[in-house]
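Structure, as structure tokens:
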Amino acid sequence: MRLRSQLRRRIGMTALAVLLIAVAGACAQARPNTELLVWTVLGGSVELEAQNAVIDAFEKENPGVTVQLVPKAGQFTGDNAALIAAVRGKQSPNVYVIDRFTTAQQASVGLLSNLQTFIDQDGDNLRDEYLPFAADEASYNGDMYALPFDTDARGVLYNKAVLRDAGIDPEIMDPKNGALTIDELMDLGEKINQKDKNGNYTRMGFIPWDGQGFHATWALINHAEWFDNQTCDTTFLSPGWKKTMEDFQSWSKELGYQQVQAFIARVRPPNQPPQQSPLYTGKIGMAIDGNWSLQSIKEYAPKLDYGITYLPVPKEGDKPISWAGGFAATMPKGAPNQELTWKFMKYFAGEQGQRIYMSNQSKIPTWKSLLEDPEVTKDQGIFPSMMADTLARPALPVGAQISDAMDAAQSGVLLGEETPEKALDIVQARVGPKMKQFCPFTLGNPE
Amino acid sequence: MIGFLAFVVFPIVYSLAISMFQYTGLQSAQFLGLDNYGRMLADPLTWTSLGNTLYYSAWAVPVGLVVALLLALAMNRQVREVVVYRTALYIPSLAPIFALSFIFIVLVNPGTGIANQLITLFGGQERDLLAEPTTAKLVIVAMAQLGAGNAALIFLAGLNNIPQTLYEAARIDGASPIQQFGRITLPLLTPAIVFNLITGVSGGLQVFTQAYIMTRGGPNNGTLFYMLYLYRNAFSYADLGYASALAIGLFIVGLALAVILYGVSRRFTNYEVAA
């Protein structure tokens, strides 16, 4: 009898505790109608300041509305742990600023609201206001799930003093001469390389797999195919991918992968002050990099004598390409106060928001008309002009798997643990069947 | 009992249930039967990640036992400052793994760390130890030893349980310190060794944070541990059904290892005096 009463009391206490937790949860969920919560993966101090400037302007135009910006970044491509937990727990932020490349993936698993409904309700042709590749990247199965917020471009940055020191006239890199071939760039790099008596690199001309020189960049340079709309299958065994991996294999042998990695780790140690970036200090002569670095040069190495040219091309006379990524504003599933959220998103990723966001940064707008405005794209060399011929990584719902699998393939080939064919077989076997789960699927805007 | 049901039994049963679905946690689930388990067995990364995890456990746990035993012997010295020694030796175990991970990134860096200075001192060429699969795994094994303080406390309790009269008798019989250690200390510490072995293997199978921060599973999946692969499936690919199947797989492996270790250890465990 006493035991039963104790058990009843325990059950009662547990039920009370569960009730209190539920009530606390419900209280936490209630966000006033005039408050918006924005999560962003753009967590750098300059970027946070710029996003807050957009928010300040929005709040000024909408008195009584407050917007809170919270940085949230994961370790992996498309790492959604926090957002999944928030959506599942009915605590979605109003807006989530993401790496645009992951939009299709996140939309495909039901993490994002379909914005097409809002766009159609407005009756504006919002898609046409954005650069086409950016709008496509922000879409899944033809509908927009994100508003492209900014974009970028990639080229080769070079330190003229290092080139001169190695007996190279920097004029050879001038973009007016067109793009160098991959072989020409590697030969210039070889002239710049220096080693000490123990065989350790002390200076390197060009490290093809460093920084932005990773599999996606080289695959786009080699015009690799990612996906076949007819068969709804990934195409990682296509010639462009094969050439990319074969190049990694030969570069690794020529330069000595382990020695290069030791050099990179030494000249770019953890928590290195930005002023000591190896390109600025002359430890590295040329690097594949993006327009965002110009901001850093302006701030930390204003006296750097540098130039920018196009990404290298496979054969002489090939048309140079660049590729663009960037970020986008999304509305997670279950976001409260959707009318105000949509109003904010259109401002944030629209003409006014982008103009403010770009004002103190080296970023390129996705809002087409802003691209023509030199006040917005100033001091970014040839990068803004690259938008005419830029490519983007195809927005597939298996983007994170591709990225992870290609990272492993690249390092496997560089380490000499895999042949190019075997490495690509592994990627295709890993990603292909997963992609099949999303078929029928068409890449790009069906319109 | 309610806590056990709510926080142990329910998650296991729920995990078992969703392992049979294609489930993102955000859309309606689709029943797949045992397909996720078939996929798991056919997935090369399951075996790569399991292999990496067992490799880690096979090195980190035995080395950890030796380090913990040495620490316990040091903590057990009959000197006045023993409290200071005990505190100093135990402090690294209190540091969060993510903090230690950042420290190790610096320690193994060719420019800032002592690891490469030692390598070059002995005539080797400098290397980025985190850029090679085997050395990256060994760095993580070495790092695990900073957590040996917890196991050392168990050993210390075991050492204090050994009656001093046994040592006195051995000394009268002329036994050397090494003989005393081999014939008295070690046999009577076997319950603590088994306990540390089983909890060590259990912890080893769940290794995650170090690779998440230091190597993100690379290079070439060389540090892709099982839990890290499970995490990626759950939270990067939102494939919660498959991630649950992987979790059940790990549960079975862990259970099997614990049963084997317990079965084997019964042959040499001495519970007579230490208890």
Side-chain angles (χ1 to χ4, degrees), chain A residues 7 10-11 14 18 74-85 87-88 102 105-106 108-111 198-200 257-272 333 398 400-401 403-405 407-415 417-418 423 426 429-430 433-434 437, chain B residues 1-3 6 22-28 30 39 42-45 48 102-113 116 119-120 123-133 135 211-214 216-222 224 228-229 231-240 242:
Chain A
L7 182 67
R10 278 187 189 169
I11 291 172
T14 309
V18 170
Q75 277 283 84
F76 300 116
T77 310
D79 191 343
N80 297 318
L83 190 63
I84 289 174
V87 173
R88 288 273 294 161
T102 65
Q105 177 121 21
Q106 298 188 1
S108 74
V109 298
L111 204 51
N198 296 324
N200 299 317
Y257 179 66
Q258 269 85 5
Q259 287 162 280
V260 176
Q261 290 307 110
F263 171 78
I264 294 172
R266 182 158 35 80
V267 298
R268 199 182 292 128
N271 300 319
Q272 183 189 46
K333 273 267 173 71
V398 287
Q401 283 98 326
S403 185
D404 290 342
D407 283 348
Q410 178 181 321
S411 58
V413 169
L414 288 170
L415 282 159
E417 292 181 346
E418 307 288 358
I426 294 170
R430 187 174 158 197
K434 184 71 190 164
Q437 292 178 4
Chain B
M1 185 63 183
I2 291 170
Q22 186 184 331
Y23 183 54
T24 65
L26 303 154
Q27 294 163 319
S28 54
Q30 212 181 328
R39 185 180 148 201
D43 181 353
L45 284 185
T48 302
F102 286 114
I103 291 169
F104 259 68
I105 289 173
V106 175
L107 286 179
V108 300
N109 182 275
T112 57
N116 266 278
I119 291 171
T120 46
Q125 202 165 37
E126 66 179 22
R127 304 184 88 91
D128 180 5
L129 299 174
L130 296 177
E132 296 169 51
T135 50
Y212 180 77
I213 289 173
M214 293 165 75
R216 291 193 280 176
N220 195 19
N221 294 323
L224 182 70
L228 193 58
Y229 186 48
Y231 177 89
R232 272 191 187 170
N233 275 288
F235 299 113
S236 283
Y237 316 150
D239 201 347
L240 295 182
Y242 186 54

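Letters A, B, ... are given to chains in the order of the sequence lines, protein chains preceding strands, and every chain is numbered from 1.
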Taking all atoms of both residues into account, what is the closest heavy-atom pair of [X] and [Y], and its distance?
{"X": "B:N220", "Y": "A:E417", "result": "ND2-OE1, 2.6 Å"}
{"X": "A:A400", "Y": "B:S236", "result": "CB-O, 4.2 Å"}
{"X": "A:K434", "Y": "A:R430", "result": "CB-O, 4.2 Å"}

Heavy-atom distances under 4.5 Å only: say whether [X] touches chain A with side chain, backbone, both or neither.
{"X": "B:Y242", "answer": "neither"}
{"X": "B:Y231", "answer": "side chain"}
{"X": "B:L224", "answer": "neither"}
{"X": "B:D239", "answer": "side chain"}

Pick from [options]: which one has the most heavy-atom pairs with chain A under 4.5 Å?
{"options": "B:G218, B:P133, B:A6", "value": "B:P133"}
{"options": "B:I105, B:N221, B:T24, B:I213", "value": "B:T24"}
{"options": "B:M1, B:Q27, B:R127, B:R39", "value": "B:Q27"}

Is chain B contacted by the side chain of [X], its backbone, both, or neither, given a heavy-atom distance below 4.5 Å?
{"X": "A:L111", "value": "both"}
{"X": "A:S108", "value": "backbone"}
{"X": "A:Q105", "value": "side chain"}
{"X": "A:Q437", "value": "side chain"}
{"X": "A:Q259", "value": "side chain"}
{"X": "A:N80", "value": "both"}

Salt bridge (Lys or Arg N to Asp or Glu O under 4.0 Å) filter on B:R216, not counting sequence neighbours, yields none
Flag, side chain of A:Q272 to backbone of A:V267, donor-acceptor distance under 3.5 Å
yes
Is B:E126 reaching over with its side chain to a backbone N or O of B:T120, donor-acceptor style, under 3.5 angstrom?
no
Top of [options] for chain B proximity - count of heavy-atom pairs under 4.5 angstrom:
{"options": "A:I84, A:V87, A:D407, A:N200", "result": "A:N200"}
{"options": "A:D79, A:L83, A:L415", "result": "A:D79"}
{"options": "A:A429, A:A262, A:P433", "result": "A:A262"}

Residue that, paired with B:L26, satisfies side chain to side chain contact (heavy atoms under 4.5 Å, CB included) out of A:Q106, A:R88, A:K333:
A:R88
Could you measure the distance from the CD atom of A:Q401 to the CG atom of B:N233? Nearest 0.5 Å is fine.
7.5 Å
How long is the straight-line distance from CZ of A:R266 back to CG of B:D128, given to the nearest 0.5 Å?
11.0 Å
Kindly write out the residues that satisfy side-chain contact (heavy atoms from CB on, under 4.5 Å) with B:N109, not counting sequence neighbours, or none if the list is empty.
A:A265, A:P269, A:P270, B:T112
